[in-house]
Amino acid sequence: MIGLVDCNSFYCSCERLFRPELSNRPIVVLSNNDGCAVSRTDEAKDLGIKMGQPFFEFKNLCKSDGLVVFSSNFQLYTNLSDRVMGTIKDMCPLVEVYSVDEAFVNLNGFTEIDIFARRIKHTVERDTGIPVSVGVAKTKTLAKVANKIAKKNKVHTDGVVFLDNEKSIDLALKSFPIKDIWGIGSASASKLKLLGINTAYEFAHYKNEKLILKLLTKTGLMIKHELLGIECHKFGSSHEKKNEIMCSRSFDTPKFHINEIKESIANFIDLASSKMRRQESYCSRMDIFYYTSPFQDLMKHSVCRTYKFSVPTLDTLYMTDIAMKLVDESFKLGFGYKKAGVKLYELVNIENVQLGLFENYEIIDRRHRLIKTIDRVNLREGSGVLKSASCGAQNSGFGMKQVYKSPRYLTTWKSLRNVD
DNA sequence: TCTGGGGTCCTAGGACCC
DNA sequence: TCTGGGGTCCTAGGACCC
């Protein structure tokens, strides 16, 4: 049996933890730049606010309906996520952290699983203050279904749903919209609709599997099998090491100058590459990209340039050097760019690094020692203390708009809560 | 006026080889 | 006049997730 422990409205719950007076108020947490809704409480959902909806479309609800909004405060969320995951790991030996706010737990061999599931929920809530829902079933996809039902019917289910027999599974799937199944997005849902499939039950028991394979590829077929209780997504299959590391941001205002693009990309490389070194990987390929707003009818321009390193590297300075050249080659004057980013991929472990024939290893080695020294200094003195000159002088927040940001209650002394 | 960021997985189709 | 077929590798891009 697999359990899925999922935090309720996670970012909002984190904010609420430090503002208990907001316990029954509608809350929304906004994406970077205060762009759109990324987390909503039930009260905010009741106001009709959609996931990903742009803030300007519902800003008026702050006045009319007492909606409270927060800019995203990732230091806070990451810290609380660590506490939640730590609590779960204390209770179950086998935990697969799937995202910042959810984890699968392997419950094979446990007796009285439903009682234990309730205990997990109770303990996490008691020890961290973050409300969670728990779904338990034979496969990950069914556990997702169970969890969603638990979340939707908190009063009825007490936040825990256990789908352990055919009858309860059938009943659950018959009223479960196909578009809400994990892995079925809007494109797949509309294809299935054409086949007359509207519920998870109809999908699971659809006879023509060849057609499903053709329309939804093998991932779609796996979902179907998982709904029938056949395990396709093995427990523990999430990677500990990332296969690719991205860093990108939207700008608060359009950027017209090449130096602004260069500076931001240098900063993204700085962040992405130090993240990469923390997982002890080397990068074989790098994309840099920047583009104008896709939402406006102005002149559009989109740039993506790839560079393949002859020898996998961890050298920020070298990568930055290459990236600056790529921007020089591709930049077009007259466009206002709204977003830029960097992707490092084809990441390899140290032991798998293929050496080139014609490289000067003395120089490479010296450079790698330099980079590691920079990492050590930044670790000790605070990140961003030492970085390449291309990153610019002001310690940039990338010109991000964050009007509604809460204090970093858990990560800076100044922001600690006072107790009167 | 104002629309996120970071991931994974899969397929189609081109290039290339024998 | 007639111009294969099978395999692999690579890349771009779609779909989806949280």
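Since the model is a prediction, treat every value here as computed from it, not as a measurement. Below, chains carry the letters A, B, ... as their sequence lines are ordered, and counting in each starts from 1.
- A:Ile181 comes within 4.0 angstrom of sugar-phosphate atoms only, judged by non-hydrogen atoms across all strands, and of no base.
- Using a 4.0 Å heavy-atom distance criterion, A:Leu30 is classed as making no nucleic acid contact.
- B:dG5 atom C1' lies 14 Å from atom CZ of A:Phe251, rounded to whole Å.
- Among the heavy atoms of the strands, none lies under 4.0 Å from A:Lys343.
- Heavy-atom minimum distance, A:Ser133 versus A:Asn147: O-ND2, 3.0 Å.
- Using a cutoff of 4.0 Å between basic side-chain nitrogens and carboxylate oxygens, A:Lys234 and A:Glu96 are not scored as salt-bridged.
- Taking atom CD1 of residue A:Ile184 and atom C1' of nucleotide B:dC10, one finds them 14 Å apart after rounding to whole Å.
- Donor-acceptor pairing under 3.5 Å is lacking for the side chains of A:Asn378 and A:Lys387.
- We find that CG of A:Asp34 is positioned 11 Å from P of B:dG4, with the value rounded to whole Å.
- The side chain of A:Gln296 places no N or O atom within less than 4.0 Å of a non-bridging phosphate oxygen (OP1 or OP2) of B:dT1.
- Within 4.0 Å (heavy atoms only), A:Lys59 reaches no atom of the nucleic acid at all.
- For B:dC16, the paired base is C:dG7 (Watson-Crick or G-U wobble, both distances below 3.5 Å).
- Heavy atoms of A:Asn32 sit under 4.0 angstrom from primed sugar atoms or phosphate atoms, though from no base atom.
- For the pair A:Glu102 and A:Lys151, the salt-bridge criterion is not met [side-chain N within less than 4.0 Å of a carboxylate O].
- Stacking of A:Lys255 on the aromatic ring of A:Tyr337 is not recorded, the 6.0 Å distance cut-off and the 45° axial limit not both being met.
- Projected onto DNA chain B by closest heavy-atom contact, A:Thr217 and A:Met246 fall at different nucleotides, the more 5' of which corresponds to A:Met246.
- Checking B:dC10, B:dG6, B:dG5 against every side-chain atom of A:Thr219, the shortest atom distance belongs to B:dC10.
- For the pair A:Lys401 and A:Asn243, nearest-nucleotide mapping onto DNA chain B gives the more 5' position to A:Lys401.
- Cation-pi check for A:Lys148 over A:Phe176 is not met; the charged atom does not lie both under 6.0 angstrom from the ring centroid and within 45 degrees of its normal.
- Closest approach of A:Lys121 and A:Val160 over heavy atoms only: CD-CG2, 3.7 Å.
- For the C1' atoms, the distance from B:dC16 to C:dG4 is 15 Å, rounded to whole Å.
- Taking atom CZ on A:Phe55 and atom C1' on B:dT1, their separation rounds to 14 Å, with Å as the unit.
- When all heavy atoms of A:Lys308 and A:Arg285 are compared, the closest pair comes out as CD-NH2, 3.0 Å.
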**Request:** Applying ring pair (Phe, Tyr, Trp, His ring centres under 6.0 Å), run through A:Phe55 and A:Tyr404 and close with a yes or a no.
**Result:** CA-CA 12 Å; A:Phe55 181 38; A:Tyr404 310 97; 5.8 Å; yes
All N/O pairs under 3.5 Å across the protein-nucleotides 11-15 of chain C interface:
from	atom 1	to	atom 2	distance (Å)
C:dT11	OP1	A:Arg285	NH1	3.1
C:dT11	OP1	A:Arg285	NH2	2.9
C:dT11	OP2	A:Arg285	NH2	3.1

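- The distance between atom NE2 of A:His239 and atom C1' of B:dG6, rounded to the nearest whole Å, is 14 Å.
- Contact between the side-chain N/O atoms of A:Lys144 and the OP1/OP2 oxygens of C:dC18 is found at a separation under 4.0 Å.
- Rounded to whole Å, the distance from CH2 on A:Trp182 to P on B:dC9 is 11 Å.
- Contacts of A:Tyr98 with the nucleic acid, taken as non-hydrogen atoms under 4.0 Å apart, involve only primed sugar atoms and P, OP1 or OP2.
- When heavy atoms are screened at a 4.0 angstrom cut-off, A:Lys338 is found touching the sugar-phosphate backbone but no base atom.
- For B:dC9, neither phosphate oxygen OP1 nor OP2 lies less than 4.0 angstrom from any side-chain nitrogen or oxygen of A:His233.
- In the set B:dG5, B:dG7, B:dG4, the nucleotide with an atom closest to the side chain of A:Cys36 is B:dG4.
- Across the protein-nucleic acid pair, A:Lys241 atom NZ and B:dT8 atom C1' stand 18 Å apart, rounded to whole Å.
- Nucleic acid contact class of A:Glu102 (heavy atoms, under 4.0 Å, all strands): sugar-phosphate only.
- Atom pair A:Arg249:CZ and B:dG5:C1' shows a separation of 7 Å (rounding to whole Å applied).
- Between B:dT3 and A:Ser250, no contact under 4.0 Å exists linking OP1 or OP2 to a side-chain N or O.
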